[in-house]
Asker: 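Take this structure first; my questions come after.
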Amino acid sequence: MTTGGEQRTTFLAHVRALAARSAPGRPLPDGGYPLPDADLRRGSRVMPDAVWDGVRSQHAGVDVDEPTAVALAREIGELVAGPPTEAGLRHLHDTAAEHDLLQIADAITKEMAGLTLPRDRVREVGRRLAEHGTRRNAVALGVLLLGVSGDRRDRELLLDLGSLEDLTLYAAVALTRTQPDRERVLFDLARRVTGWGRIHTVQRLKGTKDPQIKAWLLREGFRNSIMDEYLAHLAATTGGLRAALAGGPVDDELLDGAGDILTALSLGGPAEDLTDYADGPEVIDRYLTLVQQRPPTLHRVATVLELSTDAGRSGAWRAVVDEALDSPDLDVVRQAIRPAKELGIPFRDRVRARLGQHPNDGYLWQTLLDDIGDIDDVLALAHELLPLDQLADGPSLDVGHGYGRPEHVLDLIVGRLDAHPGKGWPLIRAALRNPAIRNRNMAVRALDAWPKDTVPDEVVAALRRAGEQEPDPEVAGRMRDLLTTWTVSTA
């Protein structure tokens with residue numbers, strides 16, 4: 001089945017090529033991205049479809065597109081009235097590709113149920129779309145059709161396609177409807193994904209009695225790249241955290257999984273939290289008893305402190321944090337900063353020293369800003385480490401720059417200077433001429449906090465020049481407004 005008038009890589013071929021580069025049954029490299037139709041969907045939405053579907057299905061709700069669902073169901077009905085034709089399959093593929101499947105999935109399933117269609121032909125159409133589809137929503141429709149007409153023969157196809165986060169939700173539903181060992185096949189699928197796909201799949205394992213799945217939920221299954229809070233309560237209850245910690249040997253993986261589950265529950269968030277977990281106080285007490293019987297690690301210290309307890313403040317545990325602050329591994333240093341704050345371990349000088357090696361690390365700068373005792377110290381360090389002349393290379397319509405760049409550091413610091421009027425002019429001057437719109441906005445906000453009758457002529461002149469060169473109308477307007485207040489003040 002060729003689609004869209006040109007040969008393109010099918011989603012199935014894409015998945016299987018990536019799967020050959022990873023361990024069997026494990027997540028695909030880079031989550032399977034970019035998808036084969038990425039060039040066709042570029043610019044249509046900032047976030048990937050998997051993220052968009054996840055947010056809507058969990059929180060925002062879905063606006064059902066009933067007319068499209070009815071039209072597609074009828075097109076499928078006409079297509080399976082006889083042996084499906086190549087032209088009919090191609091038309092269905094290209095039509096489905098242009099629609100948001102999440103808006104029509106339930107409605108199309110309901111509509112097809114009332115048409116009494118030949119199951120074997122619907123399955124054939126589903127297989128063809130799933131195996132040969134080159135557009136995300138068309139492949140998702142194929143997976144949906146297998147969910148209403150497929151059987152155990154479709155297991156591997158659904159697992160393969162479901163390993164793409166963009167298709168996991170549809171594959172999980174289809175596998176649930178078609179496979180006799182529902183929990184085991186969902187368990188398999190859940191281990192192949194790490195983001196929204198894992199959340200969708202693990203949520204369908206709620207209430208399982210399978211010992212292997214329960215053990216996995218407590219050690220690994222709740223972890224995901226979105227927020228552990230989505231699955232922490234399910235893992236604690238379905239996984240039987242209370243019983244697991246109370247009886248038998250507790251291995252390190254279980255102990256650390258328990259700590260992370262309890263941390264996620266204590267943070268609250270988008271799903272049930274500690275207030276919804278009746279066993280919470282007892283489980284926390286048991287965890288704290290067990291963890292203090294094991295060798296301290298930085299992660300365990302952080303977890304114990306997150307649970308708001310005095311445990312973990314002993315000399316040995318403090319020593320772990322103190323040592324981590326001097327680690328050659330920057331990630332370890334970052335992880336040690338919060339426990340160090342809680343334990344009163346000096347860290348500021350060591351963070352300053354590390355910035356000399358990593359001057360663009362936003363987390364280290366944020367640490368100094370959050371722990372500020374003297375803004376002049378931060379400003380002097382920034383003047384020393386940041387390439388201010390390069391950062392002032394002229395305005396553009398860029399909205400901002402990503403983490404790990406000096407532009408981001410400039411944003412972090414100048415964004416705090418409205419609380420310190422009159423300070424930081426070299427950084428503000430650079431921000432006024434930075435390509436990022438956000439940095440220029442932060443510069444104007446900082447200057448707006450300066451006492452009107454103390455603004456030096458140099459600053460007035462610099463803001464006037466910036467306003468004349470500003471390409472963004474809104475930013476230019478803010479600059480003019482501020483100049484007006486200064487002019488009125490000194491008139």
Asker: Answer yes or no: is there an ion pair linking R135 with D37, defined by an N-O contact shorter than 4.0 Å?
Answerer: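 Salt bridge: yes.
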Asker: To the nearest 0.5 Å, what is the distance between CG (N224) and OG1 (T194)?
Answerer: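 Spacing of CG (N224) from OG1 (T194) equals 8.0 Å.
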Asker: I want to check something: taking the side chain as every heavy atom from C-beta on, are L267 and M227 in contact at a cut-off of under 4.5 Å?
Answerer: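 Not touching, per the 4.5 Å side-chain cut-off.
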Asker: Not counting sequence neighbours, list each pair that qualifies as a salt bridge (Lys or Arg N to Asp or Glu O under 4.0 Å) and has a residue in residues 332-343.
Answerer: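 Listed once each, the pairs are E306-R338, D331-R334, R334-D361.
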Asker: Do L205 and T238 have side chains that get closer than 4.5 Å, going by heavy atoms?
Answerer: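 No, too far: nothing below the 4.5 Å cut-off.
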Asker: Within the structure provided, determine whether V143 and L129 are in side-chain contact (heavy-atom separation under 4.5 Å).
Answerer: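 No, side chains not in contact.
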Asker: What do the steps show when you test N439 against V414 for side chain to side chain contact (heavy atoms under 4.5 Å, CB included), and what is the final call?
Answerer: CA-CA 8 Å; N439 278 338; V414 175; 5.9 Å; no
Asker: Could you list the residues that satisfy side chain to side chain donor-acceptor pair (under 3.5 Å) with D276, not counting sequence neighbours?
Answerer: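 Side chain to side chain donor-acceptor pair (under 3.5 Å) check on D276 returns nothing, list empty.
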Asker: Measuring from L89:CG to H91:NE2, what's the distance to the nearest 0.5 Å?
Answerer: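 Output value for this atom pair is 12.0 Å.
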Asker: Can you name the nearest heavy-atom pair linking A236 to L265, along with the distance?
Answerer: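 Smallest heavy-atom distance, with atoms named: CB-CD1, 4.3 Å.
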Asker: Checking side-chain contact (heavy atoms from CB on, under 4.5 Å) between I108 and each of L141, D65, L145, L101, which is the one that passes?
Answerer: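 One option only clears the test, and that one is L141.
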Asker: How would you list, by chain and number, every residue that makes a salt bridge (Lys or Arg N to Asp or Glu O under 4.0 Å) with R192, sequence neighbours excluded?
Answerer: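 Checked R192 against salt bridge (Lys or Arg N to Asp or Glu O under 4.0 Å); matches are D160, D188.
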Asker: Mind checking whether Q103 and T68 have side chains closer than 4.5 Å, heavy atoms only?
Answerer: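 Heavy-atom side-chain distance check fails, nothing below 4.5 Å.
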Asker: Mind checking whether L164 and V15 have side chains closer than 4.5 Å, heavy atoms only?
Answerer: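 They are in contact (side-chain heavy atoms under 4.5 Å apart), so the answer is yes.
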Asker: Is Q293 atom CD crowded by more than 12 heavy atoms from other residues, nucleotides or ligands, each under 6.0 Å away?
Answerer: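 More than 12 within 6.0 Å, yes.
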Asker: Would you please test L18 and R21 for side chain to side chain contact (heavy atoms under 4.5 Å, CB included) and show each step?
Answerer: CA-CA 5 Å; L18 291 176; R21 294 161 42 195; 3.1 Å; yes
Asker: Sequence neighbours left out, what passes side chain to side chain contact (heavy atoms under 4.5 Å, CB included) with V332? Give chain and number order.
Answerer: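 For V332, the residues satisfying side chain to side chain contact (heavy atoms under 4.5 Å, CB included) (neighbours in sequence not counted) are L298, A324, S327, D329.
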Asker: Any chance you could measure N434, atom CG, to E407, atom CD, to the nearest 0.5 Å?
Answerer: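 Here the interatomic distance stands at 5.5 Å.
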Asker: Could you check whether atom CZ of R354 has more than 12 heavy atoms from other residues, nucleotides or ligands sitting under 6.0 Å from it?
Answerer: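 Check passes, neighbour count above 12.
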Asker: Where do V333 and L325 come nearest, in terms of heavy atoms and distance?
Answerer: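 Looking at all heavy atoms of both residues, the shortest contact is CG2-O, 3.8 Å.
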Asker: Counting C-beta onward and ignoring hydrogens, is there a side-chain heavy-atom pair between L355 and W365 closer than 4.5 Å?
Answerer: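 Heavy-atom side-chain distance check passes, below 4.5 Å.
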Asker: Would you indicate whether the side-chain heavy atoms of L72 and E75 approach each other to under 4.5 Å?
Answerer: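 Yes, side chains in contact.
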Asker: Going by salt bridge (Lys or Arg N to Asp or Glu O under 4.0 Å), name the residues that satisfy it together with D472, two or more places apart in sequence or in a different chain.
Answerer: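 With sequence neighbours excluded, D472 shows a salt bridge (Lys or Arg N to Asp or Glu O under 4.0 Å) to no residue whatsoever.
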Asker: With distance as the sole test, does R440 use its side chain to make a donor-acceptor pair with the main-chain N or O of S396 at under 3.5 Å?
Answerer: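 Yes; at least one donor-acceptor contact below 3.5 Å.
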Asker: Given side chain to side chain contact (heavy atoms under 4.5 Å, CB included), test H132 with H93 step by step and report yes or no.
Answerer: CA-CA 10 Å; H132 302 285; H93 175 283; over 6 Å; no
Asker: Taking all atoms of both residues into account, what is the closest heavy-atom pair of T178 and G147, and its distance?
Answerer: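 That would be CG2-O, 3.8 Å.
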Asker: Side chains of Y287 and V250: closer than 4.5 Å at any heavy-atom pair?
Answerer: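 In short, these two side chains do not touch, never coming nearer than 4.5 Å.
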Asker: Using a strict 4.0 Å threshold on nitrogen-to-oxygen distance, state whether R128 and E86 make a salt bridge.
Answerer: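 E86 and R128: salt-bridged.
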Asker: List the atom of N137, the atom of A97, and the distance in Å for their closest heavy-atom pair.
Answerer: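 Heavy-atom minimum between the residues: ND2-O, 3.8 Å.
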Asker: May I ask you to check whether over 12 heavy atoms, not counting those of R184, lie within 6.0 Å of atom CZ?
Answerer: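 Result for CZ/R184: enclosed.
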Asker: List the steps and the verdict of salt bridge (Lys or Arg N to Asp or Glu O under 4.0 Å) for R155 and D181.
Answerer: CA-CA 11 Å; R155 182 190 190 96; D181 56 344; 2.7 Å; yes
Asker: To the closest 0.5 Å, what do you measure between CG (L245) and CD1 (I284)?
Answerer: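 The CD1 atom of I284 is 11.0 Å from CG of L245, to the nearest 0.5 Å.
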Asker: For the side chain of R204 and the backbone of T176, is there at least one donor-acceptor N/O pair under 3.5 Å apart?
Answerer: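 No, because the side chain of R204 does not come within donor-acceptor range (under 3.5 Å) of the backbone of T176.
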Asker: State which residues pass side chain to side chain contact (heavy atoms under 4.5 Å, CB included) with T10; sequence neighbours excluded, sorted by chain then number.
Answerer: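 Residues passing side chain to side chain contact (heavy atoms under 4.5 Å, CB included) with T10: L12, A13, T134.
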Asker: Tell me the closest heavy-atom pair linking G162 and V193, and the distance in Å.
Answerer: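 Scanning both residues completely, I find the closest heavy atoms to be O-CG1, 3.7 Å.
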Asker: With distance as the sole test, does R191 use its side chain to make a donor-acceptor pair with the main-chain N or O of F187 at under 3.5 Å?
Answerer: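 A pair under 3.5 Å: yes.
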Asker: Are any side-chain N or O atoms of R119 and backbone N or O atoms of S149, one a donor and one an acceptor, separated by less than 3.5 Å?
Answerer: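 Judged by distance alone, yes, a pair lies under 3.5 Å.
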Asker: Under the rule for ring-ring contact (aromatic ring centres under 6.0 Å, His included), what residues qualify as partners of Y277, not counting sequence neighbours?
Answerer: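 Result, ring-ring contact (aromatic ring centres under 6.0 Å, His included) vs Y277: none returned.
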Asker: With sequence neighbours excluded, give me every salt bridge (Lys or Arg N to Asp or Glu O under 4.0 Å) pair touching residues 211-224.
Answerer: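 Qualifying pairs, neighbours excluded: R198-E220, R219-D251, E220-R223, R223-D260.
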Asker: Just jot down the side chain to side chain contact (heavy atoms under 4.5 Å, CB included) partners of T109, sequence neighbours excluded, or say none.
Answerer: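 Only L144, V148, R177 meet the side chain to side chain contact (heavy atoms under 4.5 Å, CB included) criterion with T109.
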Asker: If the condition is salt bridge (Lys or Arg N to Asp or Glu O under 4.0 Å), which residues does D106 pass it with, not counting sequence neighbours?
Answerer: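 Salt bridge (Lys or Arg N to Asp or Glu O under 4.0 Å) list for D106, sorted by chain: empty.
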Asker: Listing request: all salt bridge (Lys or Arg N to Asp or Glu O under 4.0 Å) pairs with a residue in residues 225-234, at least two apart in sequence or in separate chains.
Answerer: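 Salt bridge (Lys or Arg N to Asp or Glu O under 4.0 Å) check on residues 225-234 returns no pairs.
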Asker: Would you compute the distance between atom CD of E124 and atom CZ of R127 and round it to the nearest 0.5 angstrom?
Answerer: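 These two atoms lie 11.0 Å from each other.
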Asker: Among all residues two or more places apart in sequence or in another chain, which pass the side chain to side chain donor-acceptor pair (under 3.5 Å) test with R294?
Answerer: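 Partners of R294 under the side chain to side chain donor-acceptor pair (under 3.5 Å) test: D252.
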Asker: Just verifying a value: how many Å separate Y170 OH and H200 NE2, rounded to the nearest 0.5 Å?
Answerer: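 Spacing of OH (Y170) from NE2 (H200) equals 8.5 Å.
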Asker: Is the shortest side-chain N to carboxylate O distance from R350 to D322 below 4.0 Å?
Answerer: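 Salt bridge present between R350 and D322.
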Asker: If we ignore hydrogens and angles and just use 3.5 Å, is the side chain of R286 paired with the main-chain N or O of A243 as donor and acceptor?
Answerer: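 Pair absent, no side-chain N/O of R286 close to backbone of A243.
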Asker: Of all the heavy-atom pairs spanning L369 and L412, show the shortest one and how long it is.
Answerer: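 Heavy-atom minimum between the residues: CD1-O, 3.6 Å.
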Asker: Under the side chain to side chain contact (heavy atoms under 4.5 Å, CB included) rule, what do F222 and L234 come out as? Steps first, then yes or no, please.
Answerer: CA-CA 8 Å; F222 69 93; L234 185 152; over 6 Å; no
